[in-house]
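No experiment lies behind these values; they were computed from the predicted model shown. Here is the naming used below: chain letters follow the sequence lines, and residue numbers restart at 1 for every chain.
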Amino acid sequence: MDVNDSRSAVASPRQTDRFRQNLPSRYSRDRVFQASAWLATGIAVAVLVWLLLTILIDGVGTLNWTFITSYPSRKPEQAGILAALAGTLWVMVVVAAVTFPVGVGAGIYLEEFASDSWLTRLIEINISNLAGVPSIIYGLLGLAAFVRLMEPVTGGRSVLSGALTLTLLILPVVIVATREALRAVSNSIRLAGLALGATQWQVVWNHVLPIAFPGILTGVILALSRAIGETAPLIAIGALTFIPFLPEGLQSPFTVLPIQIYNWIGRPQDEFHAIAASGIIVLMAVLLLMNTLAIYLRNRFQKSL
Amino acid sequence: MTAELPGDIAPGSWHPNRDRARQVQTAVKVVCGTFAAVSILTTLGIVATLIFETIEFLQAVSLWQFLTDTKWTPLFASKQFGIFVLVSATVTISVISVLVALPLGLLAAICLSEYATPRVRRILKPVLEILAGIPTVVYGYFALLTVTPVLKTFIPELGRFNALSASLVLGIMITPMVASLSEDAISAVPRSLKDGAYALGSTKHETILSVVLPAALSGIVASLILAVSRAIGETMIVTLAAGANPTLGFNPLVPVMTMTAFIVQVSLGDAAVGTLEYKTIFAVGMTLFIMTLTLNGFSFWFVCRFREKYE
């Protein structure tokens with residue numbers, strides 16, 4: 001075999017041999033890589049199963065009707081989550097009532113009305129930035145703005161202050177979801193409406209929104225389910241941890257499920273840890289219910305198109 | 001053909017009320033525009049609040065003290081305000097959690113986009129979404145009452161509160177975020193690039209490591225930075241599992257106090273307006289805000305600067 005031949009572009013037989021010899025090790029490395037990819041996914045799933053099982057095992061023993069209909073107590077066997085459940089319900093209704101019009105309105109404005117000006121782009125960058133601000137910072141804003149500055153309106157550390165703080169927290173999520181739902185509506189519908197002499201708003205209200213509505217609703221429900229699980233911003237605005245009564249109005253002091261759970265986890269006695277797990281089961285059941293609703297709406301939406 | 005016209009309106013007598021339509025349009029535009037401006041107001045509110053209270057704080061405590069003190073004891077009689085005590089805890093926890101989340105999330109993303117069949121993918125993606133949707137207080141329970149006792153069997157000197165358990169659980173919490181964002185970046189790599197690598201005789205992992213990942217690098221780095229930013233701002237896991245003991249240093253086996261945990265500690269104690277404690281949580285919040293804003297801005301810049309565009 002000539003030296004010149006081995007330098008040519010065509011591989012010499014010896015090189016081909018070496019290439020072949022290499023193949024088994026390359027394939028085995030391939031298998032190791034594939035296995036580690038599956039392992040990583042498996043670990044994530046296993047931790048999820050571990051977490052859910054732990055909480056079920058810890059909490060199911062103390063989960064009963066008395067637990068759901070009792071007020072918090074110093075004695076773990078008498079403590080319940082009624083006040084927290086009612087507080088969560090109150091806060092969620094207010095959050096939904098404020099977030100829905102404001103978030104959807106802002107989404108409609110940005111997607112349908114706004115021209116491509118520097119102001120629009122500023123708002124867009126700003127919204128993506130807000131989505132990255134830690135939730136506890138929103139709590140500090142709520143503390144300064146709603147609890148202190150607007151105390152005559154909100155009544156201090158009240159349902160209204162908590163709800164407004166959570167509204168600001170989830171607004172970016174709702175706006176982005178609204179815009180995506182609107183963008184999915186075919187442009188020909190808008191053009192047809194405009195060609196018939198309708199104003200932009202008439203087109204949006206009568207034609208675009210009905211089609212986009214299930215998508216928007218899904219986004220809003222998912223955002224609300226995020227708000228339900230939030231603890232830190234409400235602790236920062238000073239939602240109380242011990243509330244042995246139901247909220248009576250928007251200006252009433254309140255507590256919510258995650259804060260009640262946090263309070264129980266933080267105590268040293270094991271009995272309180274068990275009822276914390278029971279509280280978590282209730283919280284997760286509420287979340288599961290909302291997510292199922294969102295998935296149901298999304299599937300119906302996908303079928304109708 | 002009058003029969004086709006609605007009701008008893010005579011043909012030609014109906015005109016759309018264009019003036020009213022236009023007025024409604026303007027009104028709706030103004031209202032929706034105001035709603036969109038709420039987001040700007042939120043940002044201004046956050047910045048104004050933090051700056052205002054931080055300036056008040058800096059009148060009582062000098063910036064030099066804030067940056068160089070080696071102890072954090074604002075609630076004691078002899079007050080010291082070394083923010084780096086809290087920052088060191090936050091950094092320790094974030095680094096460990098990202099060391100967990102990066103390999104797990106990236107490999108999970110590769111698994112979902114390259115190895116899983118569409119059917120398995122349809123099951124796995126919602127499972128990861130559940131992991132991402134679990135409230136943080138639940139992770140806190142898991143870290144404090146389940147993971148810490150398990151870790152204690154391996155490391156007996158581990159305290160009831162420690163940074164390690166909080167970081168590991170926090171890492172699991174941000175894994176779905178890394179996985180989902182990295183998967184988006186990996187899916188955006190065009191098929192032709194992969195086919196080219198296969199045509200040259202690469203095996204699957206060679207294609208992934210030397211073609212797919214470099215092409216998706218900007219998205220992966222962005223997901224990593226966002227994960228760090230998320231870890232820095234996370235509150236409930238670290239408050240519950242890492243303790244409330246301000247310690248300067250990077251030892252994950254001892255109880256520490258992060259910036260977020262301090263804010264929670266003071267908030268639970270009901271600090272009155274105008275007191276130094278009240279101002280301190282805003283100064284700490286300012287530090288936290290600057291750190292996450294810098295990271296988010298960097299990630300934004302990185303994607304704009306290094307994104308590979310494929311037609």
Side-chain angles (χ1 to χ4, degrees), chain A residues 26-27 29-30 33-34 36-38 40-41 43-45 47-48 51 54-55 102 105-106 108-110 113 123 126-127 129-130 132-137 140-141 144-145 148 168 171-172 175 197 199-202 225 229 231-232 235-236 238 258 261-262 265-266 273 276-277 280 283 287 291, chain B residues 16 21-22 24-25 28-29 31-33 35-36 38-40 42-43 45-46 49-50 53 103-104 107-108 110-111 115 124 127-128 130-131 133 135-138 140-142 144-146 172 175 203-205 226 229 233 235-236 240 260 263-264 267-268 270 273 281-282 285 288-289 292 296:
Chain A
R26 287 169 66 209
Y27 276 128
R29 241 175 289 154
D30 214 38
F33 189 73
Q34 181 173 7
S36 56
W38 280 107
T41 318
I43 289 175
V45 175
V47 171
L48 177 66
L51 186 153
T54 308
I55 282 161
V102 175
I108 290 174
Y109 179 81
L110 290 173
F113 295 141
I123 295 180
N126 182 42
I127 286 172
N129 241 328
L130 279 179
V133 173
S135 60
I136 196 154
I137 302 280
L140 292 180
L141 172 67
R148 309 287 182 205
L168 293 185
L171 263 184
I175 293 175
T199 60
Q200 261 179 318
W201 170 242
Q202 285 170 329
S225 70
T231 324
I235 290 183
I261 293 165
Y262 165 74
I265 299 173
H273 298 161
I280 290 174
L283 177 65
L287 286 176
N291 279 287
Chain B
R22 230 170 275 140
V24 171
Q25 157 99 353
V28 167
K29 244 178 149 168
V31 171
C32 288
F35 288 161
V38 167
S39 71
I40 298 270
T42 309
T43 308
I46 290 175
T49 313
L50 291 179
E53 299 288 349
L104 279 186
L107 282 170
I110 291 169
C111 179
Y115 288 114
L124 280 179
V127 170
L128 287 182
I130 296 176
L131 208 53
T136 51
V137 71
V138 180
Y141 177 95
F142 186 61
L144 177 66
L145 300 172
T146 310
I172 291 289
T175 296
T203 59
K204 193 151 189 168
H205 90 276
L226 289 179
S229 148
T235 310
M236 297 321 293
L240 279 166
T260 50
I263 298 177
V264 167
S267 302
L268 287 174
D270 186 27
V273 198
I281 59 175
F282 285 90
L288 184 65
F289 182 69
T292 53
N296 293 345

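Of the two parts of Leu130(A), only the side chain, counted from C-beta on, holds a non-hydrogen atom closer than 4.5 Å to a non-hydrogen atom of chain B. The parts of Leu131(B) that come within reach of chain A are both its backbone and its side chain, each placing non-hydrogen atoms under 4.5 angstrom from that chain. Heavy-atom distances place the side chain of Thr54(A), and not its backbone, under 4.5 Å from chain B. Within the 4.5 angstrom heavy-atom criterion, atoms from both the backbone and the side chain of Phe289(B) approach chain A. Ile265(A) touches chain B through backbone and side chain together, each having a heavy atom under 4.5 Å away. Both the backbone and the side chain of Ile235(A) come within contact range of chain B, judged by heavy atoms closer than 4.5 Å. Within the 4.5 angstrom heavy-atom criterion, only side-chain atoms of Leu171(A), from C-beta onward, approach chain B. With a threshold of 4.5 angstrom between heavy atoms, Ala145(A) does not approach chain B through any atom at all. Only the side chain of Ile280(A) has a heavy atom closer than 4.5 Å to any heavy atom of chain B.
Note that CG of Leu51(A) and CD1 of Ile130(B) are 11.5 Å apart. Values are rounded to the nearest 0.5 Å. Note that OH of Tyr262(A) is 5.5 Å distant from CG of Leu240(B), once rounded to the nearest 0.5 Å. Here the straight-line distance linking atom CH2 of Trp38(A) with atom OH of Tyr115(B) works out to 10.5 Å at 0.5 Å rounding. In this structure, the separation between OG1 on Thr203(B) and CZ on Arg26(A) is 5.5 Å, given to the nearest 0.5 Å. With values rounded to the nearest 0.5 angstrom, Ile137(A) atom CD1 is found 9.0 Å from Thr235(B) atom OG1. The distance from atom OG of Ser39(B) to atom CD1 of Ile175(A), rounded to the nearest 0.5 Å, is 5.5 Å.
Most heavy-atom pairs under 4.5 Å with chain A: of the set Val127(B), Val264(B), Ile110(B), this distinction falls to Val264(B). Chain A forms the most heavy-atom pairs under 4.5 Å with one residue out of Leu144(B), Val31(B), Val38(B), Thr146(B), and that residue is Thr146(B). Annotation: maximal heavy-atom pairing with chain B below 4.5 Å, among Gln34(A), Arg29(A), Gln200(A), Gln202(A), occurs at Gln34(A). Looking only at heavy-atom pairs under 4.5 Å with chain A, the residue among Gly285(B), Cys111(B), Ser229(B), Ala21(B) that has the most is Cys111(B). The choice from Val138(B), Thr49(B), Thr175(B), Thr136(B) that makes the most heavy-atom pairs within less than 4.5 Å of chain A is Val138(B). Between chain A and the options Val24(B), Ile46(B), Leu226(B), Ile281(B), heavy-atom pairs under 4.5 Å are most frequent for Ile46(B). When the candidates Ala36(B), Cys32(B), Pro135(B) are compared by the number of heavy-atom contacts under 4.5 Å with chain A, Cys32(B) comes out ahead.
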